[in-house]
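Both backbone and side-chain heavy atoms feed into the values below; hydrogens, waters and symmetry mates do not. Here is the naming used below: chain letters follow the sequence lines, and residue numbers restart at 1 for every chain.
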2 protein chains.
Amino acid sequence: MPRAGLTTQRVVEEAEQVADEVGLPNLTLAALAPRLGVRMPSLYKHVAGIDALRRLLSIRAKQELADVFARAAAGRAGAQAVTAMLYATRAWAKAHPGRYAATVRAPDPTDDEEVAASNAILDIALAGLAEYRLAGDDAIDAVRALRATLHGFISLEQAGGFGLPNDVDRSFDRVTAALAETFTAWPPKTERERVAKVSSTLSRPSRRDRNSPAATARRSGARAARDPHPRTDG
Amino acid sequence: MPRAGLTTQRVVEEAEQVADEVGLPNLTLAALAPRLGVRMPSLYKHVAGIDALRRLLSIRAKQELADVFARAAAGRAGAQAVTAMLYATRAWAKAHPGRYAATVRAPDPTDDEEVAASNAILDIALAGLAEYRLAGDDAIDAVRALRATLHGFISLEQAGGFGLPNDVDRSFDRVTAALAETFTAWPPKTERERVAKVSSTLSRPSRRDRNSPAATARRSGARAARDPHPRTDG
DNA sequence: ACGTATAAGCTAATAGGTATAGCCTCGCAC
DNA sequence: GTGCGAGGCTATACCTATTAGCTTATACGT
């Protein structure tokens, strides 16, 4: 019998298709094999198992998402960049729900390749926020807010969580606008501060820490060789 | 041999424990049965199968979450209520990750019981936002923003997505404060409007629709008996 | 108290999924 | 052309869900 001529890459590509069609949790080797014209055990010649396949899928998906971010933010800054990143990501997630789901997975901290893919997303998101001139922890808080809002909206939407007839696109517009606006006054005033309306120096100690050496050090890549906190986020 | 004396309720309660311990996706009947002192097939006398069990789990979890919202918002309003709801939910989700995950599931639109549980969450969240005096689509957009932000943060945190050493509690404080603040100027200005700085009447057509009959009708529960859009939302 | 219907438990068997072992052979390198 | 490694296969084992059909504890009516 002629060989199917599979490669790891081919297997992962088909797995992406399947994941997009039936959802990441329903991606099985059993479903994948016939689509590639082989029997199930043959897949083990190319991927080490279902877990390894999921890992490869995640890495590729994270790279794609980083790309989506990068293209959206290219040539834009501030609110424009944020808005573009949010819309582009939602559109990509709609077209590729399985891949999007794969981007959420937290990497094993010792897995350099997947950690790198995660970091690419973080770095590009941070770059997209550059115009807001945030630094240190404030910048991290902001990307976390960005990722959380975006992910929450997309995953609820994909889960069918927005059941009311009200227009979901409209809601997304509002969320996007709110987020882009929020970053212009970041960090936000806390409730206590809003009520007490005192001078910002006194009432917003968080600002003091903004560019502190400690905060900057925490961000820097210069850490011990086997850092217990390899740099990954969101 | 003596009977184990199971009930559906007992099974679901133990399932909650398991889900909290090992994660909702890892909840299996096989793991559950020995913990209840019976063989796997015996569980079918009390629940119709793993899917039915998940459904029951979701319903209970949604009721619990609605309760968490209600308790948090009780006696508070506006930013205070929003803040309290967010913190309480995150704390509950941390203590009960499996149950929290179960709240995300979208109900089958024909499943009255689960739809009702979902609606309870929505209603209480809307009530928590009452002080902001939003109406019609604006109110729906706001709860969606609330749920999306909250869910995004919690699910990323639970997935281990916040790998950087930066303090996650601090980030959550910021996100919370930003959200509570955002609702005071809802709907947010779009990027175009912020740039063009014209009068709000002209530049913010969305406000015109706020209390329109159409918008109100869309929200109302008065719909045809077998409504294609039973009232549910994130 | 007793007898019985029913519900609650059991064993056994089936159907899918993951994974490993071990064989067979295509097809490239030389 | 031949040798051999990579890529495919069958067979098998194990895990989870589910169904069928049996047994018996126990609640309840008399």
Between the protein and nucleotides 4-8 of chain C, list every N/O to N/O distance that falls short of 3.5 Å.
from: C:dA7; atom 1: N3; to: B:Arg3; atom 2: NH2; distance (Å): 3.4
from: C:dA8; atom 1: O4'; to: B:Arg3; atom 2: NH1; distance (Å): 2.9
from: C:dA8; atom 1: N7; to: B:Lys45; atom 2: NZ; distance (Å): 3.4

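- Rounding to the nearest 0.5 angstrom, the gap separating the CG atom in A:Asp67 from the CD atom in A:Gln63 is 9.0 Å.
- We find that CD1 of A:Ile50 is positioned 7 Å from P of C:dA19, with the value rounded to whole Å.
- Under a 4.0 Å N-O distance rule, the pair A:Arg170/B:Asp138 qualifies as a salt bridge.
- An OP1 or OP2 oxygen of D:dT10 is reached within less than 4.0 angstrom by a side-chain nitrogen or oxygen of A:Arg39.
- One can place CG of B:Asn26 at 15 Å from P of C:dT18, the figure rounded to the nearest angstrom.
- Picking from C:dT20, C:dT18, D:dA17 the nucleotide with the shortest atom distance to the side chain of A:Pro41 gives C:dT20.
- We find that OH of B:Tyr44 is positioned 5 Å from C1' of D:dT18, with the value rounded to whole Å.
- Checked for salt-bridge contact, B:Glu21 and B:Arg35 meet the test: a charged N lies under 4.0 Å from a carboxylate O.
- Using a cut-off of 4.0 Å between Lys/Arg side-chain N and Asp/Glu carboxylate O, B:Arg90 and B:Asp169 are scored as salt-bridged.
- Computed from coordinates, the A:Leu29 CG to D:dC15 C1' distance equals 15 Å when rounded to whole Å.
- In this structure, B:Arg54 atom CZ and D:dA17 atom C1' are separated by 11 Å, rounded to whole Å.
- Look at A:Asp51 and A:Arg55 and you find no salt bridge, because none of the NZ, NE, NH1 or NH2 atoms lies under 4.0 Å from a carboxylate O.
- Atom P of nucleotide D:dA13 and atom CE of A:Met40 are separated by 16 Å, given to the nearest angstrom.
- Classification of B:Lys94 and B:Asp20 as a salt-bridged pair fails, no side-chain N sitting under 4.0 Å from a carboxylate O.
- Rounding to whole angstrom units, CG of residue B:Leu53 and P of D:dT16 are separated by 15 Å.
- Separating the CG atom of A:Leu32 from the C1' atom of C:dG16 is a distance of 16 Å, rounded to the nearest angstrom.
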